[in-house]
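Reviewing the structure listed below.
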Amino acid sequence: MEDCLFCKIIKGEIPSKKAYEDEDVYAFWDISPTAPVHILVIPKKHIAMLNDISEQNSSVISKIYEAIPKIAKENGIAEDGYRVVTNCNKAAGQTVFHIHFHLIGGRELTWPAG
Ligand code: 5GP
Ligand code: ZN
C-alpha cells in the first residue's frame with residue numbers, strides 16, 4: 001500500500017524505533033506514548049483493520065501474539081502486566097488503517113477502557 005504510513009515504516013521510508021522484527025511481524029515504539037511502554041505490533045503485509053481478518057490471512061495474528069510476550073518480557077512489563085488493544089475502524093478511534101496491536105504497560109492501567 002503506497003500511501004500507508006505503517007507500510008512506509010516497514011520499508012524504512014519513515015524512521016521508527018524498532019522493538020522487534022521477524023519474517024512476518026514488525027514492532028516499534030509509538031510516537032505519542034500513553035504509558036512508559038507503548039509499542040505497536042504490526043504485520044509486515046498490509047491489512048487495513050480487524051474487519052479484514054479472514055481464514056486466508058489470520059495466521060499472522062498468531063505470529064503477532066507469539067511476538068507480544070517476547071516483547072513484553074524484553075521490556076520488563078510481563079511480570080507486572082500489560083494490555084493489548086486493537087482499535088477497529090473510526091468509532092473505536094482507529095487513525096492508521098494498517099492493523100496494529102498497541103502493547104501498553106509500565107503503569108497501572110484502569111478498566112474499563114474509555
Ligand atoms: P490508532 O489510533 O489507529 O489505534 O493508533 C495509531 C497509533 O499510531 C497512535 O497511537 C499514534 O500515536 C501512532 N502513530 C501515528 N503516526 C506515527 C508515526 O509516524 N510513528 C510512530 N512510531 N507512531 C505513530
Ligand atoms: Zn500498510
Side-chain angles (χ1 to χ4, degrees):
M1 283 287 285
E2 286 187 3
D3 285 340
C4 172
L5 177 67
F6 287 175
C7 283
K8 286 181 182 166
I9 283 178
I10 291 161
K11 284 190 255 171
E13 291 171 12
I14 291 173
S16 65
K17 186 181 164 196
K18 181 160 85 173
Y20 174 86
E21 183 170 17
D22 65 32
E23 199 182 339
D24 304 298
V25 177
Y26 186 68
F28 56 104
W29 289 77
D30 197 292
I31 206 168
S32 181
T34 59
V37 176
H38 187 167
I39 291 167
L40 301 173
V41 189
I42 66 176
K44 285 189 172 174
K45 202 175 147 200
H46 182 89
I47 299 169
M49 66 178 84
L50 198 51
N51 283 339
D52 299 312
I53 296 296
S54 67
E55 223 177 301
Q56 282 67 46
N57 62 14
S58 64
S59 60
V60 75
I61 305 300
S62 321
K63 303 281 174 132
I64 284 170
Y65 272 90
E66 284 169 32
I68 283 171
K70 294 183 199 167
I71 302 166
K73 282 172 199 150
E74 273 173 27
N75 288 280
I77 57 171
E79 290 302 316
D80 281 345
Y82 56 87
R83 185 170 294 159
V84 180
V85 175
T86 297
N87 297 319
C88 180
N89 231 334
K90 289 171 194 151
Q94 184 175 9
T95 57
V96 179
F97 288 84
H98 180 131
I99 194 170
H100 48 280
F101 295 76
H102 296 258
L103 168 57
I104 298 164
R107 65 168 170 82
E108 291 294 316
L109 301 167
T110 57
W111 188 260

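Predicted model only: the values in this text are computed from it and were never measured. All ligand and atom numbering here is 1-based and tracks the order in the structure. Just so it is clear, the values below take in all heavy atoms, side chains as well, and ignore hydrogens, waters and symmetry mates.
- Using a non-hydrogen distance threshold of 4.0 Å, Ser16 does not register as a contact of ligand 1.
- Nearest protein heavy-atom neighbour of atom 16 (N) of ligand 1: Leu5 CD2, 3.3 Å.
- Listed by atom number, the atoms of ligand 1 under 4.0 Å from His100 heavy atoms are 1 (P), 3 (O), 4 (O), 5 (O), 6 (C).
- Among Ile99, Ile42, Ile61, the single residue meeting the side chain to side chain contact (heavy atoms under 4.5 Å, CB included) criterion with Ile47 is Ile99.
- Lys17 does not count as a contact of ligand 1, since none of its heavy atoms falls under 4.0 Å from the ligand.
- Neither the backbone nor the side chain of Thr34 comes within 4.0 Å of ligand 1, counting heavy atoms alone.
- We find the CG-OG distance between Asp30 and Ser16 to be 11.5 Å, quoted to the nearest 0.5 Å.
- In the hydrophobic cluster analysis, where Ile, Leu, Val, Met, Phe, Trp and Tyr join through side-chain heavy atoms closer than 4.5 angstrom, Phe6 is grouped apart from Phe97.
- For atom 23 (N) of ligand 1, the nearest protein heavy atom (residue, atom name, distance) is Ile31 N, 3.2 Å.
- Protein heavy atom nearest atom 10 (O) of ligand 1, with residue, atom name and distance: Asp30 OD2, 2.5 Å.
- At least one heavy atom of Phe6 sits under 4.0 Å from some atom of ligand 1.
- Considering only heavy atoms from C-beta on, Val96 stays 4.5 Å or farther from Leu40 through its side chain.
- The CD1 atom of Ile64 sits 8.0 Å away from atom OG1 of Thr86, with the distance rounded to the nearest 0.5 Å.
- A ring-ring contact (aromatic ring centres under 6.0 Å, His included) with Phe101 is found for exactly one of Tyr65, Tyr20, Phe28, namely Tyr65.
- Of the heavy atoms in Ile14, none comes closer than 4.0 Å to ligand 1.
- Of the polar atoms of Gly93, at least one N or O is found under 3.5 Å from an N or O of ligand 1, judged by distance alone.
- Here the protein heavy atom with the shortest distance to atom 3 (O) of ligand 1 is Thr95 N, 2.7 Å.
- Nearest to the Zn ion (ligand 2), among the N, O or S atoms that His98 has, is ND1.
- Aromatic ring orientation, His38 versus His102: tilted (interplanar angle from 30° to 60°).
- For ligand 1, the polar-atom distance check finds no N/O of Ile9 at less than 3.5 Å from any of the ligand's N/O atoms.
- Considering backbone and side-chain N/O of His38, none are found under 3.5 Å from N/O of ligand 1.
- Of all the N, O or S atoms in His46, the one closest to the Zn ion (ligand 2) is ND1.
- For atom 22 (N) of ligand 1, the nearest protein heavy atom (residue, atom name, distance) is Trp29 O, 2.9 Å.
- No N or O atom of Gln94 sits closer than 3.5 Å to an N or O atom of ligand 1.
- For the pair Lys44 and Glu21, the salt-bridge criterion is met [side-chain N within less than 4.0 Å of a carboxylate O].
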